**Q** 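Okay, here's the structure, questions in a sec.
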Amino acid sequence: MLRWLKSRLPTQRRLIQLYSALLYNAHLKGFVQGNIYTGPTKALCVPGFNCYSCPGAVGACPLGSLQNALASSGARAPTYVLGILMLFGLTLGRTICGFLCPMGLAQELLYKIPTPKVQKSPFTRVLSYLKYVILAVFVVIVPLMYALQSYPVPAFCKYICPVGTLEGAVGLLAHPVNAEAFSMLGLLFTRKFVILVIITSICVFVYRAFCRFLCPLGAIYGFFSRLALLGVKVDQPRCTDCGACVARCPMDIRRVGDHECIHCGACMAACPTKAIAWKGARITLHGHETPRPAHARGGRALAWALALAVLGGALWFYNRSEPMVADGAASIVTQAPQDDIPTGSEVGMRCPDFTVPLYGADGAAFTLSAQRGKVVVINFWATWCTPCCKELPYFQQLADAYPDDVALVAIHSALVTDDVPAYLAKMPYTMPFALDETGEVIASLGGSTMLPQTIILDRNGLIAYNQVGSVTYNFLEAQVLPLLEQ
Amino acid sequence: MAKRIRRAWPWLTALLVILAAALLIAQAVAVYAAGNAPENLTEAGVHIQPVYSREIVLARLRAIGAPLWVCVAAAVVGLALGAGAGEPRLSVPPERQLGRLMARLPAVLPEASADAALLHREAQNRRRAWLACAVACLAALLFSAAYLLDPGHFTSWELEAVMGRMLLALAPWMGLAFGALCAAAFFHRASVRRAIPAARRLAAMGRVSPLPPPAKPERGRAALRLGLYVAAAALVVLGVLNGGLRDVLVKAINICTECIGLG
C-alpha cells in the first residue's frame with residue numbers, strides 16, 4: 001500500500017505545474033462570485049496559456065494579448081507583448097510548456113486516464129507542424145489584415161481556443177449569477193464547445209495533443225529552443241547517440257532540446273550514460289542522476305518555502321475583502337419618484353437619468369431625460385471589442401430607419417485605448433457617439449466587464465431590454481417596433 | 001482474471017470516453033438545433049426564446065448524467081487498478097539507428113558491394129522524396145500566401161463567411177503540403193528501414209570510427225541571446241511608453257463576449 005502510494009506521489013514537475021496553475025488563477029473568489037479580476041496585475045502577461053477571462057486569472061494571456069496587440073497595430077506597434085514573449089522565450093523557452101502551462105497540466109492529467117494510447121509516429125511528427133500554420137493564419141495574418149480596417153479580430157481566440165471556452169465561457173457560465181449570459185449563446189458557443197470536447201477527448205488518447213498539434217504559444221516558444229537559458233542539455237562527449245532519449249520522449253522530438261522538446265526531463269532517466277542534465281543545474285532542478293551537492297537540498301527547501309510564501313501572499317492579496325466603494329455618480333441622477341416604478345437596471349424598471357459628453361460635438365452632451373417620448377436605444381461598445389464594432393452598422397441602420405421616433409446613442413466604455421475620434425472619422429456613422437468617462441453610466445445600468453451591452457427603453461423611459469451580447473438589425477427592429485406602436 | 005480485467009479496462013474506458021464526448025456534442029448540437037427550429041423564429045429570423053438557457057443546459061446535462069458519471073467512475077477505477085500502466089514502449093527511431101551505423105562505416109566503401117550500392121540508392125531516393133516534398137510545400141505556401149496576403153479577401157465584416165471562404169481556399173493547399181510531408185516521412189522511414197541491414201553488414205566489416213565532435217557555436221549563441229535580451233527589454237519599455245501595457249490591461253479586465261465563445 002505504501003509502495004502504491006509512493007509510486008503515485010506527484011513529481012517535482014507536477015508540483016510546479018500545479019503551483020503555477022494556482023498562481024495564475026489566484027483570484028479564487030472570482031469562481032465564487034462569478035466575475036473576473038480587474039486589478040492592475042492583469043497588465044502583465046503570464047508565461048503559460050491561461051485565459052484572462054477566467055474568473056480566477058490574475059494575469060493576461062500572452063496569446064490573447066498578442067492577437068489584440070496585432071489587431072490594434074494600426075494605432076500603435078505591438079512592442080510590449082512582443083518584448084514580453086521574447087523575454088519569456090529567451091529565458092525559459094518551451095520549459096514553460098513543460099512546467100508552467102495550466103493547459104499542459106490539464107492535458108497530462110487527461111492522458112493519465114487509462115485507455116489505449118496513440119504512439120508517436122511520422123504522422124504525428126508531420127501533424128506537429130500544424131501549430132505553425134495556426135500561428136501564422138489565425139494569430140498573425142487575420143488580425144493584421146483586419147487591423148487595416150480598425151476591426152479587431154482575435155481569430156484564434158474566437159474560432160479555436162479551447163482554453164477560452166473552458167476557463168472563460170464555461171467558467172463564467174457555471175456561476176448562477178451569470179445565468180442571463182446564456183441568452184447570448186448560439187452557433188459560436190456550440191461550435192467552440194464541440195471543439196473543446198473533441199480536443200479534450202483526443203488528449204485522453206494522445207499525449208498533449210493540443211500542445212503538440214495546435215498550440216501557437218508553444219510554436220512561438222519553440223523558436224527560442226536553441227537560445228533559452230533554462231531547459232535540458234546534452235553533454236555531447238558523454239552521449240553515445242543511442243537514441244534512448246528520443247525513444248522515451250512522448251513528444252515529436254528529433255533530438256533533446258529541439259523545438260518540439262518541452263524540457264520535461266523524462267529523458268534523463270532513460271539515458272544510459274547520464275549525458276542529459278539541466279542547464280544551470282546548480283540553481284535549478286536536478287535530474288534523476290545529476291550530481292546533487294549537499295547544500296542543494298537546503299536550497300531547494302528554501303526555494304519551495306519562498307514559492308509557497310509568494311503563493312500564500314498572492315492568495316491573500318487577490319481574495320481579501322475589499323472595502324465597498326460608495327455609489328454616487330455625478331452624472332447619474334436618480335429621479336424623484338413620479339410613480340411606483342423603481343429606478344434600476346432591470347427590465348420594467350425606470351432607467352436612471354444620465355448625461356454623457358458626445359464625441360465630435362464641442363461641449364454637446366446626450367441627456368437621457370431629454371429624449372422622453374422617444375424609444376431610446378443605448379449601446380455600450382469599445383474599439384477593441386470585435387462584436388461591438390461589428391454591430392455598430394446595425395444601430396446606424398436603425399437610426400436611419402426611424403430618425404424621429406428612436407433616439408440612439410453608442411457609448412464608448414470608460415477604458416479608452418485607441419483614439420476613438422480617429423476611429424469614428426474613418427467610419428461612415430452619423431449617429432451620436434458618447435463617452436462614459438468614469439464608467440458610472442454602464443455601472444448604473446447593470447453593466448460589468450462584458451461587452452457589448454444594449455439597452456432599449458420605451459417612450460416612458462422604462463427598460464424593455466437590457467442584455468450583454470451581440471445583436472443584429474432584425475433583432476433590434478423586432479425589439480423596437482412593438483415599443484413604437486405603444 | 002485480475003490481469004485480464006486490468007488489460008480490458010482501458011478499452012472499456014476508451015469506449016466510455018468516446019461515448020461521453022459524443023453525448024456532450026450531441027446535446028450541444030440538439031440544443032442549438034431546437035433553438036433554431038422554425039417554431040422558435042419570427043418571420044424576421046429573430047429567436048422567440050433564447051437558444052440556450054441555464055435551465056435547458058442543466059436539463060440536458062441531467063439527461064446524460066448517468067453515462068458521464070460512469071465514465072468518470074471507470075477512469076477512477078482504472079487509475080486505482082493501475083490499468084494500462086506500465087513502461088512505455090521504447091523503440092529507438094530507425095533514423096537514429098541508421099545514423100549510428102553510418103558513423104561506423106569504413107571511410108571508403110567497397111565499390112562493388114551490393115550493400116554499398118543499396119545504401120547509396122536509398123540515400124538518393126530519400127533526397128529525391130524530400131525534394132519533391134519541398135517543391136509541393138513551397139507551391140502550397142506560395143498559393144496560400146497569395147490568398148492570405150490579399151487584403152481583398154478580408155474586407156467583409158461577416159467573419160463567418162470570410163473564415164469559411166478562407167478555409168475552403170487554403171484546405172487544398174494545406175492538404176497537399178501535409179500529404180506531401182506525410183508521404184515523404186513514411187517513405188523516408190521505409191527507406192531507412194531498408195538501408196539498416198545493409199549498413200549493419202558494412203559496419204561489421206569495417207573499422208569503428210569515432211563520432212565526430214559536434215560544433216559548438218556557444219559564443220555566438222551567447223552574443224545573440226544577449227542582443228535579443230536587450231532588444232526584448234527595449235521593446236517592453238517602448239510598449240510601456242506607447243500605451244501597449246494599458247492596452248493589455250484594458251483587454252484583460254473586460255470580457256469580449258465573442259472572444260471566449262459566448263456570442
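All values derive from a computational prediction rather than experimental measurement. The chains referred to below are lettered A, B, ... by the order of the sequence lines, with proteins before strands, and numbering in each begins at 1.
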**Q** So which atom in B/V51 and which in A/L185 form the shortest heavy-atom distance, rounded to 0.1 Å?
**A**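 So the two residues come closest at CB-O, 3.8 Å.
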**Q** Can you say whether A/F138 sits under 4.5 Å from chain B via the side chain, the backbone, both, or neither, judging by heavy atoms?
**A** side chain
**Q** Side chain from CB out, backbone as N, CA, C, O: work out which of these in A/A136 comes under 4.5 Å of a heavy atom of chain B, or both, or neither.
**A**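 The answer is neither part of A/A136.
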**Q** Cut-off 3.5 Å, no hydrogens considered: what does the side-chain donor-acceptor table look like for residues 256-263 of chain B, sequence neighbours left out?
**A**
unit_1 : atom_1 : unit_2 : atom_2 : d
B/T257 : OG1    : A/L451 : O      : 3.2
B/T257 : OG1    : B/G263 : O      : 2.8
B/E258 : OE1    : A/K158 : NZ     : 2.8

**Q** To the nearest 0.5 Å, tell me how far A/Y159 OH sits from B/L167 CG.
**A**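 One gets 9.5 Å once the value is rounded to the nearest 0.5 Å.
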**Q** Output the option from B/L170, B/I255, B/L228 having the highest count of non-hydrogen pairs under 4.5 Å with chain A.
**A**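 Result: the option with the highest number of such pairs is B/I255.
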**Q** Using non-hydrogen atoms and a 4.5 Å limit, figure out which bit of A/A71 sits close to chain B: side chain, backbone, both or neither.
**A**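 It is neither, since no heavy atom gets under 4.5 Å.
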**Q** Which answer fits A/V170, side chain, backbone, both or neither, if we ask what part of it has an atom under 4.5 Å from a heavy atom of chain B?
**A**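 For A/V170, there is no contact with chain B at all, as no heavy atom is under 4.5 Å.
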**Q** According to the interplanar angle, ranging from 0 to 90°, do the rings of B/W157 and A/Y151 count as parallel (below 30°), tilted (30 to 60°) or perpendicular (above 60°)?
**A**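 Taking A/Y151 first and then B/W157, their aromatic rings lie parallel (interplane angle under 30°).
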**Q** Is it the side chain or the backbone of B/V31 that comes within 4.5 Å of chain A heavy atoms, both, or neither?
**A**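 Neither part, no heavy atoms under 4.5 Å.
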**Q** Which bit of A/P40 is near chain B, if near means a heavy-atom gap under 4.5 Å: side chain, backbone, both or neither?
**A**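 Only the backbone of A/P40 comes within 4.5 Å of chain B.
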**Q** Can you confirm whether B/Q27 is buried at CD, in the sense that more than 12 heavy atoms of other residues, nucleotides or ligands lie under 6.0 Å from that atom?
**A** yes
**Q** Below 4.5 Å from any heavy atom of chain B, which atoms of A/C51 appear? Answer side chain, backbone, both or neither.
**A** side chain
**Q** Which answer fits B/Q49, side chain, backbone, both or neither, if we ask what part of it has an atom under 4.5 Å from a heavy atom of chain A?
**A**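 For B/Q49, no heavy atom lies under 4.5 Å from chain A.
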**Q** Side chains of A/Y80 and B/D247, heavy atoms from C-beta outward: is any pair under 4.5 Å?
**A**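 SC-SC contact between A/Y80 and B/D247 ruled out.
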**Q** Between B/L245 and A/A43, which heavy-atom pair has the shortest distance, and what is it?
**A**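 Shortest heavy-atom contact: CD1-O, 3.7 Å.
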**Q** Would you mind checking which part of A/R226 comes under 4.5 Å of any heavy atom in chain B, side chain (CB onward), backbone (N, CA, C, O), both or neither?
**A** both
**Q** Could you tell me which portion of A/K42 (side chain, backbone, both or neither) has an atom closer than 4.5 angstrom to a non-hydrogen atom of chain B?
**A**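 For A/K42, the contact with chain B is made by backbone and side chain together.
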**Q** Against chain B, label A/L85 side chain, backbone, both or neither, depending on which of its atoms sit under 4.5 Å from a heavy atom there.
**A** neither
**Q** Which heavy-atom pair separates A/C45 from B/V248 by the least distance, and what is that distance?
**A**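 That closest heavy-atom pairing would be SG-CG1, 4.4 Å.
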**Q** With a 3.5 Å distance limit and no angle check, can you tell me whether B/R54 reaches the backbone of A/F182 through a side-chain donor-acceptor pair?
**A**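 No: the side chain of B/R54 does not pair with the backbone of A/F182.
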**Q** Please give me the minimum heavy-atom distance between B/A75 and A/P114, naming the atom from each residue.
**A**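 Minimum heavy-atom separation between B/A75 and A/P114: O-CD, 3.8 Å.
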**Q** When only pairs under 4.5 Å are counted, which of B/L224, B/V240, B/T155, B/V29 shares the most heavy-atom pairs with chain A?
**A** B/T155
**Q** Below 4.5 Å from any heavy atom of chain A, which atoms of B/I56 appear? Answer side chain, backbone, both or neither.
**A** neither
**Q** Is it the backbone or the side chain of A/L166 that comes under 4.5 Å from a heavy atom of chain B, or both, or neither?
**A**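 Contact with chain B is absent: no heavy atom of A/L166 under 4.5 Å.
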**Q** Does atom CZ (A/F123) have a neighbourhood of more than 12 heavy atoms from anything else shown, all under 6.0 Å?
**A** no
**Q** Compare every heavy atom of A/G243 with every heavy atom of B/R96, then report the nearest pair and how far apart it is.
**A**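 Minimum heavy-atom contact is CG-CA, 3.7 Å.
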**Q** Under 4.5 Å heavy-atom distance to chain B, tell me which part of A/F475 shows up: side chain, backbone, both or neither.
**A** both
**Q** With chain B as the partner, which of A/I36, A/T165, A/I113 has the greatest number of non-hydrogen pairs under 4.5 Å?
**A**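 Most pairs with chain B among the choices: A/I36.
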**Q** Is B/P151 close to chain A through its backbone or its side chain, or both, or neither, when contacts mean heavy atoms under 4.5 Å?
**A** both
**Q** Please classify the contact between B/V237 and chain A as side chain, backbone, both or neither, with a heavy-atom cut-off of under 4.5 Å.
**A** neither
**Q** Can you tell which of B/A28, B/S53, B/P50 has the highest number of heavy-atom pairs within less than 4.5 Å of chain A?
**A** B/S53
**Q** Please classify the contact between A/L227 and chain B as side chain, backbone, both or neither, with a heavy-atom cut-off of under 4.5 Å.
**A** both
**Q** Non-hydrogen atoms of chain B under 4.5 Å away: do they reach the side chain of A/A69, the backbone, both or neither?
**A**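 Neither; nothing under 4.5 Å.
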**Q** Quick one: does B/R225's side chain have a donor or acceptor within less than 3.5 Å of a partner on A/T91's backbone?
**A**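 Checked: no pair found.
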**Q** Evaluate the side chain to side chain contact (heavy atoms under 4.5 Å, CB included) criterion for residues B/L235 and A/I84: first the C-alpha distance (whole Å), next the side-chain angles of each, then the deciding distance (0.1 Å), finally the verdict.
**A** CA-CA 8 Å; B/L235 284 174; A/I84 286 280; over 6 Å; no
**Q** Which heavy atom in A/F193 sits nearest to a heavy atom in B/L24, and how many Å separate them?
**A** CE2-O, 3.8 Å
**Q** Strictly distance-based, threshold 3.5 Å: is any side-chain N or O of A/T79 a donor or acceptor partner for the main-chain N or O of B/G239?
**A**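 At least one qualifying donor-acceptor pair exists.
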**Q** For A/V153, is it the side chain, the backbone, both, or neither that has a heavy atom closer than 4.5 Å to a heavy atom of chain B?
**A** side chain
